[in-house]
Protein chains: 4
Amino acid sequence: MAAEDVATTRVGRPRSERARRAVLHAVDDLLVDVGYAAMTMKGIAERAGVGRQTLYRWWTTKAEILLEAIVDDVAEDLTTPGCPEAADDLLTYLRALTEFLVAAPAGLAYRALVGEAQHDPAVRGLVHGADLLDTSARAVLDRVRPAVPAMPSPDLCAAQFVGPVVYRVFTAQAFSDEELREHVRTLLASWSQR
Amino acid sequence: MAAEDVATTRVGRPRSERARRAVLHAVDDLLVDVGYAAMTMKGIAERAGVGRQTLYRWWTTKAEILLEAIVDDVAEDLTTPGCPEAADDLLTYLRALTEFLVAAPAGLAYRALVGEAQHDPAVRGLVHGADLLDTSARAVLDRVRPAVPAMPSPDLCAAQFVGPVVYRVFTAQAFSDEELREHVRTLLASWSQR
Amino acid sequence: MAAEDVATTRVGRPRSERARRAVLHAVDDLLVDVGYAAMTMKGIAERAGVGRQTLYRWWTTKAEILLEAIVDDVAEDLTTPGCPEAADDLLTYLRALTEFLVAAPAGLAYRALVGEAQHDPAVRGLVHGADLLDTSARAVLDRVRPAVPAMPSPDLCAAQFVGPVVYRVFTAQAFSDEELREHVRTLLASWSQR
Amino acid sequence: MAAEDVATTRVGRPRSERARRAVLHAVDDLLVDVGYAAMTMKGIAERAGVGRQTLYRWWTTKAEILLEAIVDDVAEDLTTPGCPEAADDLLTYLRALTEFLVAAPAGLAYRALVGEAQHDPAVRGLVHGADLLDTSARAVLDRVRPAVPAMPSPDLCAAQFVGPVVYRVFTAQAFSDEELREHVRTLLASWSQR
DNA sequence: ATCTAACCGAGACGGTACGTCACGTCTTACA
DNA sequence: TGTAAGACGTGACGTACCGTCTCGGTTAGAT
C-alpha cells in the first residue's frame with residue numbers, strides 16, 4: 001500500500017501545468033499566425049513565455065507539441081449529429097470533414113502533420129499512433145451500417161469514404177458540394193449491392 | 001527578324017547543361033541517401049559540384065528542383081500496359097501506384113512534395129500545377145470507360161479510384177493486395193449500376 | 001544574557017557539517033579533475049551529492065567555495081622549516097613557492113583565483129581580503145631580518161622577494177633553480193648594502 | 001613564377017577587412033563598457049554588426065580576439081622616452097607600467113588575459129607566445145645596461161624589474177610612488193655591486 | 001508530544017550563451 | 001553573362017549552466 005505511494009510520489013519540483021498549457025496555446029496561435037513551416041521551437045518558447053529547455057524536456061519536435069495541442073479539437077470538430085437517412089448522415093460528415101481540412105485550425109494542423117510525416121519517420125510514427133480521422137469516420141459508418149447490407153471491411157470502408165476527400169484537399173482541389181453528394185451516392189450504391 | 005534574335009538569343013555565356021544535369025542527379029541521389037528533410041540547397045550544390053549561386057539562379061526551392069528531377073520518372077513509373085478485362089486493368093494500375101508510393105524513389109519524392117505542399121503555399125502551387133498522378137490514372141479510366149456504363153465525372157472517378165490508396169499510404173498503412181482487389185470490385189460495382 | 005542566546009542560537013534545523021565538507025571536497029576534486037574553468041556550481045552540487053540551493057545558501061560563487069577549500073592548504077604548503085643561513089632560508093621558501101604554484105592543487109587554485117580576480121571585482125575583494133602568500137613570505141623575511149642590515153619596508157621586501165617568482169609563473173615561464181639562486185643572491189646583496 | 005601566383009591568389013570571396021576591424025573595435029569597446037567576464041562571443045558579434053560564424057571562422061575564443069586587438073596598444077603604451085640617468089629611466093618605465101596596469105584599457109585587457117591564462121591552457125599558450133611586457137621592459141634595461149656593471153641575465157633582470165610591480169597589481173595593492181622609487185634604488189644597488 | 005522554523009535532496013522553471021548549421025546574398029577570378 | 005568558390009549577415013538548432021522556485025522530508029529548539 002505504501003509502496004504505491006513511493007511509486008507515485010515524485011521527488012523534486014513537479015511539472016508546471018501552467019507552462020504546459022501556455023505551450024499548447026502558443027502552438028495553436030502560431031499555427032494560425034505564421035503557419036507550420038515558420039513555426040520554430042524558439043518561437044514557441046518565446047510566445048509561451050517559457051524556457052527553451054522546458055520545451056525539449058517534455059517534447060522532442062514541434063510536431064509532437066502540435067499533435068498534443070490539437071488531438072482533442074480534431075475529435076470535436078469531426079463529431080456530427082447523425083441523421084435518420086444514411087445518405088444524409090454520410091454527407092453531413094463529409095461536409096464537416098471538408099470544412100475541417102480546408103479552414104479549421106485543427107484541420108490545418110492535421111494536414112501539416114500528415115504532410116510532415118511523409119518525410120520525417122518520427123512524425124510518421126506519431127501520426128500513425130494517434131487516430132485522428134479514423135475514429136470519427138468509423139462512428140458514422142457504424143451508424144449507417146444497419147441500413148447498408150454489403151459494406152466491405154471497416155478499414156476499406158473508411159478509406160473509400162474519406163480517402164477521395166482527403167486526397168483532393170491534399171492535391172489542392174477540394175470537392176464541390178455536388179461532387180460530395182455524388183460521391184456518397186455511388187458509395188452507397190456499391191455498398192448496397194447484393 | 002533581328003528583333004526575334006534579340007528575344008531568343010542571349011548574350012554572354014549560355015546556361016551550362018552540364019550543371020543542370022549534375023543538379024538533378026544530385027537531388028535524386030540525396031533524396032534516397034539522406035531523405036527530403038535533410039536535403040539542403042547547400043548539400044545539393046556540394047554534391048553536384050556546382051556553385052550555390054547557380055542553384056538560386058535557376059530554381060527557388062529544393063521542391064522546385066525535385067519536381068523537375070522526378071516529373072518524367074513519375075509518368076514512366078505509372079504507365080501500365082492495359083488488360084482486356086477492366087478489373088485487371090484497374091488493379092494493375094493500383095498495384096503499380098502502391099509500389100510507386102511505398103518504394104520508388106520518384107514516389108518518395110511525390111509524397112515529400114505533396115507533404116510539403118500542406119504547409120508551404122509556394123510548393124502547393126507547384127504541385128497543383130504539375131499533374132503527377134491524374135494523367136496516368138485518367139488514361140487507365142479512359143481505357144475501361146467503354147466497359148463501365150455508369151461512371152461519374154472523370155474528376156470524381158479519379159479521386160474515388162486513387163484517393164483511398166493514396167490516403168492509406170499517407171496515413172502510414174498501405175492497402176494489402178486483398179484490399180486492393182476488393183476496392184476495385186466495389187468500385188466497378190457502383191460504376192456499373194444503372 | 002538571554003539576548004546573547006537569541007543572537008547565537010538559531011531555531012530550526014542547524015547547518016549540516018556533512019554537506020559543507022562534501023562541498024569543499026568536491027571542489028578540491030573537481031579542480032584537479034576538470035580545472036577551474038570547467039568547474040560549475042551545478043557540477044559541484046552533483047559531485048558533492050548536495051542540493052543546488054544549499055550551495056547558494058552558504059556561498060555566492062565558486063571562487064568563494066574554492067577559497068574556503070584551500071586557504072588552510074596554502075599556509076601549510078608554504079611553511080618552510082628555516083635554516084641558519086639566510087640565503088638558504090630564502091631559497092628554500094622560493095623553491096617551495098615555485099613547486100606550490102606549478103604543481104600543488106592548492107597552488108593551481110591560488111593561480112585560478114588570482115587570475116579570476118583580474119576580471120571579476122567580487123573575486124578581487126575576496127582574494128585581497130585573504131592573505132595567501134604574504135603571511136608565509138613575511139615569516140621567512142622576519143627570520144632573516146636580523147642578518148640583513150638594510151631591508152626595505154616589509155611590504156616592498158615581500159614584493160621584491162616573491163613578485164618575480166609569481167610573475168614568471170603567471171607568464172608561463174617558471175624560474176629555473178639557477179635563476180632562483182641568483183635571485184636570492186642579488187636580493188641579499190641589495191638588502192645588505194650600507 | 002606562375003606557381004607563386006597560384007599560391008597567392010585565393011579562390012572565392014576574400015576576407016572582409018571591414019568585418020575584421022569592426023570586431024577588434026567592438027572588443028575594445030566592450031572591455032571598457034562591460035568588462036572581460038561579461039564579454040561574450042555573441043555580444044561581440046552583435047556590437048560589431050557581424051555574423052557569429054565570422055567570429056568563429058577567424059578566432060576561436062574571445063581571448064584570441066582581445067589579444068589581437070590590444071597587442072599594438074600594449075607596445076605603444078609602454079614605450080618610454082629614456083632619460084640620461086639610469087634611475088630616472090627605470091622609474092619612468094615603472095610609473096608607465098603601473099599606470100598601464102591600473103588604468104589603461106590595454107592594461108585591463110593584459111590583466112584579463114594573463115588572468116584567464118591561469119585556468120585556460122589555450123589562453124596560456126596564446127599569452128606566452130605574444131611578448132607583451134618583456135620587449136618593452138628589456139628595451140629599458142638595455143638602455144641602462146652600460147651604466148650598471150653587474151646586471152644578471154636579461155631574463156632574471158626583467159623579472160626582478162617588473163615582477164614585483166605586476167605582482168602587487170595582481171594582488172590588488174599597487175605600489176605607491178615612494179615604493180616604486182625605493183624599488184628602483186635597491187634594484188640598482190644590487191645590480192651595481194661588483 | 002506536538003509545533004514551527006530552517007535546513008536538506010531533488011529537479012523543474014525562465015533565461016541566455018554556447019558552437020554549429022543552413023539560409024540567401026555578395027564578391028572574387030576565371031571561362 | 002555564367003560559373004565555382006567561399007566569405008558575409010541572419011537566425012534556428014539542441015545543449016549547458018545560470019540562479020530561483022517548489023516539492024517532500026529531516027532535525028532541531030520552543031511550546
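Each chain gets a letter, A, B and so on, in the order its sequence line appears, and its residues count up from 1. Every heavy atom of this structure was used, including side-chain atoms; hydrogens, water molecules and symmetry mates were not.
Taking the six-membered ring where the residue is Trp, D:H119 and C:Y36 present tilted rings, their angle falling between 30° and 60°.
When heavy atoms are screened at a 4.0 angstrom cut-off, A:R18 is found touching the sugar-phosphate backbone but no base atom. Contact annotation for D:G49: backbone-only contact, meaning every heavy-atom pair under 4.0 Å involves sugar-phosphate atoms and none involves a base.
In this model, a side-chain donor or acceptor of A:Q53 finds a partner on the base of F:dA16 within 3.5 Å. For D:R13 against E:dC26, a side-chain-to-base donor-acceptor contact under 3.5 Å is present. With hydrogens and angles ignored, a donor-acceptor pair under 3.5 angstrom links the side chain of B:R52 to the base of E:dG24.
Nearest nucleotide to the side chain of A:T40, out of E:dT20, F:dA12, F:dT27: F:dA12. Across F:dT22, F:dA30, E:dG14, the shortest atom-to-atom separation from the side chain of C:V11 is found for F:dA30. The side chain of A:S16 has E:dC13 as its nearest neighbour among F:dC23, E:dA17, E:dC13.
OP1 or OP2 of F:dC8 lies within a sub-4.0 Å distance of a side-chain N or O belonging to D:W58.
For the pair A:R21 CZ and E:dC13 P, the computed distance is 14 Å after rounding to whole Å.
B:K62 places a side-chain N or O within donor-acceptor distance of the main-chain N or O of B:M39, the cut-off being under 3.5 Å.
Nucleotides of DNA chain F nearest to C:G12 and C:A38 differ in position, and the one nearer the 5' end is that of C:A38. With the nearest nucleotide of DNA chain F identified for both D:R57 and C:M41, D:R57 has the one nearer the 5' end. Along DNA chain E, the nucleotide nearest to C:A19 and the one nearest to B:K62 differ in position, and the one closer to the 5' end is contacted by C:A19.
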